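Only one structure is covered here, and it is reproduced in the block below.
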Amino acid sequence: MFLSKYFLPIVKNTPKDAQIVSHRLMMRSGMIKQDAAGIYSWLPLGLKVLKKISSIIVEEQNNSGAHEMLMPTIQSADLWRESGRYDDYGLEMLRIKDRHERDILFGPTNEEMITDIFRTNIKSYRSLPLNLYQIQWKFRDEIRPRFGVMRGREFLMKDGYSFDIDKDTSYEAYNKMFISYLKIFNKLGLTAMPMEADTGPIGGDRSHEFIILAETGESKVFYDRKWKNLNIDIEKISYDENLQKIVDRYTSLYAATDEKHDPSKINKNDLLETRGIEVGHIFHFGTKYSESMGAKVVLPDGSLKPVFMGSYGIGVSRLVGAIIESSHDEAGIKWPIQVAPFDVAIVNLSVGNDSCDTIAHSIYNSLKSFGKDILYDDTKESAGSKLASMDLIGIPYQVIVGPRLAKDNKFEIKSRLTDETNIISFQQLYEFIK
Ligand code: ATP
Ligand code: MG
């Protein structure tokens, strides 16, 4: 991609209302534009990151045996009346009337709709277990939308739902998601701590939140200092193992959010208190919705039984902010390679200079032939401003081509993650790519 032809509206000044670093950096680097309180447009650079995160989630959820689908954002109020949540949900639900005066709503979550899909299509225990998920926009009319995409009103969520024949297999499904979530956050370059949590309006008997430690997080969290020594290689864990054992290891050390914190459960000397960002939340709620909405399966003896369910959420758009909170410096974002909007940036410091143009173009073409996604700064901005913008948008590698080195067929290569710079020749680039 040639920067001169791209849509990357970089903002020089720090937006006044942005209180936390991820919000400031997302606005400045032209990733998002606020359209109303808690409602954002995702501009090209932001959307690239959002899609990369989504595809890592999809890949790992599919590995776990879940199936992706897509439900509408608009739901009928009648479904929510069946579960009894239409009146309970409160002001966070955006309620709408259509032209026939029928009550509809913009979905804040999808337990009712998925239960309806299940009961319409599944009749026998033989179709279980089943796990269905989607990545879809949600709307919650938050009382205080803030911190950019971290607490929006419209936000992208991965929501999944498991269906099982009894409590034990349903807990197995819950454990599978517990592990899958840890794998996802690990793949995104984040350390997420599972913490016992309240079930809130979703309800249920078992629930964990996945929290990323960060000073700017909204939740106060408490955990055992020994957590850092809990060396589990999550990547190596297979979904076929006895997952209860691994979940038990993760939950053996104290970790709780503010609402669940109980100082009597932990030795004072081991207790650490900090703040965190909730990036995922899983619930086991058994038959809460299947009973009220009649989602039953026929057992081998011909009797009918309500299915056991769990639901599993990840804040996909919130993750964009959470990753920035945990990976940035004064100058800007430092994208982990796997979610970076581009793999490599090429900065031509002297557009119009023959040797610079030739080298920059050859680098562009050869990186492209290796399948790399490249942002090539071919604009006529000043060198200082170009380098500052590249540091701001945080692409993991910068190839900097300037007239002094170009004379000898050399250029600089900078890792944005370590800020380490090396001078290399075109021949060495091949080694580097490998
Ligand atoms: P919170 O406690 O932050 O209000 P929640 O418990 O209401 O979240 P869930 O229903 O568990 O949220 O939703 C699943 C995930 O969706 C959360 O873990 C979070 O990452 C994300 N999420 C929830 N609300 C928002 C929001 N307003 N903006 C962005 N992401 C959100
Ligand atoms: Mg929650």
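We count ligands from 1, going down the list as the structure has it; atoms in each ligand are counted the same way. Everything quoted here is computed from the prediction, not taken from an experiment.
Residue contacts with ligand 1 include Val149, since one or more of its heavy atoms lies under 4.0 Å from the ligand. For the pair Met150 and ligand 1, a heavy-atom separation below 4.0 Å is found.
Considering Arg140, Glu278, Met157 only, the shortest heavy-atom separation from atom 10 (O) of ligand 1 involves Arg140. For atom 3 (O) of ligand 1, the nearest non-hydrogen atom from the set Glu92, Glu259, Arg151 belongs to Arg151.
Exactly one residue among Glu412, Met390, Lys414 makes a side chain to side chain contact (heavy atoms under 4.5 Å, CB included) with Val347. That residue is Met390. Exactly one of Glu196, Lys226, His261, Arg225 qualifies for a side chain to side chain donor-acceptor pair (under 3.5 Å) with Tyr254. That residue is His261.
Considering backbone and side-chain N/O atoms, Arg318 comes within less than 3.5 Å of an N/O atom of ligand 1. At a 3.5 angstrom cut-off on N or O pairs, Gly152 counts as close to ligand 1.
Which parts of ligand 1 touch Gly280 is read off a 4.0 Å heavy-atom cut-off, strictly below it: atoms 18 (O). Listed by atom number, the atoms of ligand 1 under 4.0 Å from Glu142 heavy atoms are 24 (N), 26 (C), 27 (N). Of all atoms in ligand 1, numbered sequentially from 1 with element shown, those under 4.0 Å from a heavy atom of Val279 are 18 (O), 20 (O).
Between the side chains of Asn131 and Ser162, no donor-acceptor pair of N or O atoms lies under 3.5 Å.
Separation of the Phe155 and Trp137 ring centroids does not fall under the 6.0 Å cut-off.
A donor-acceptor pair under 3.5 Å links the side-chain atoms of His328 to the main chain of Glu325, judged by distance alone.
Contact annotation for His281 and ligand 1: heavy atoms of both the backbone and the side chain come within less than 4.0 Å of the ligand.
A cation-pi arrangement is absent between Arg206 and Phe285, since the terminal nitrogen or guanidinium carbon is not both under 6.0 Å from the aromatic centre and inside a 45° cone about the axis.
Among all heavy-atom pairs drawn from Val11 and Met27, the shortest one is CG2-O, 3.5 Å.
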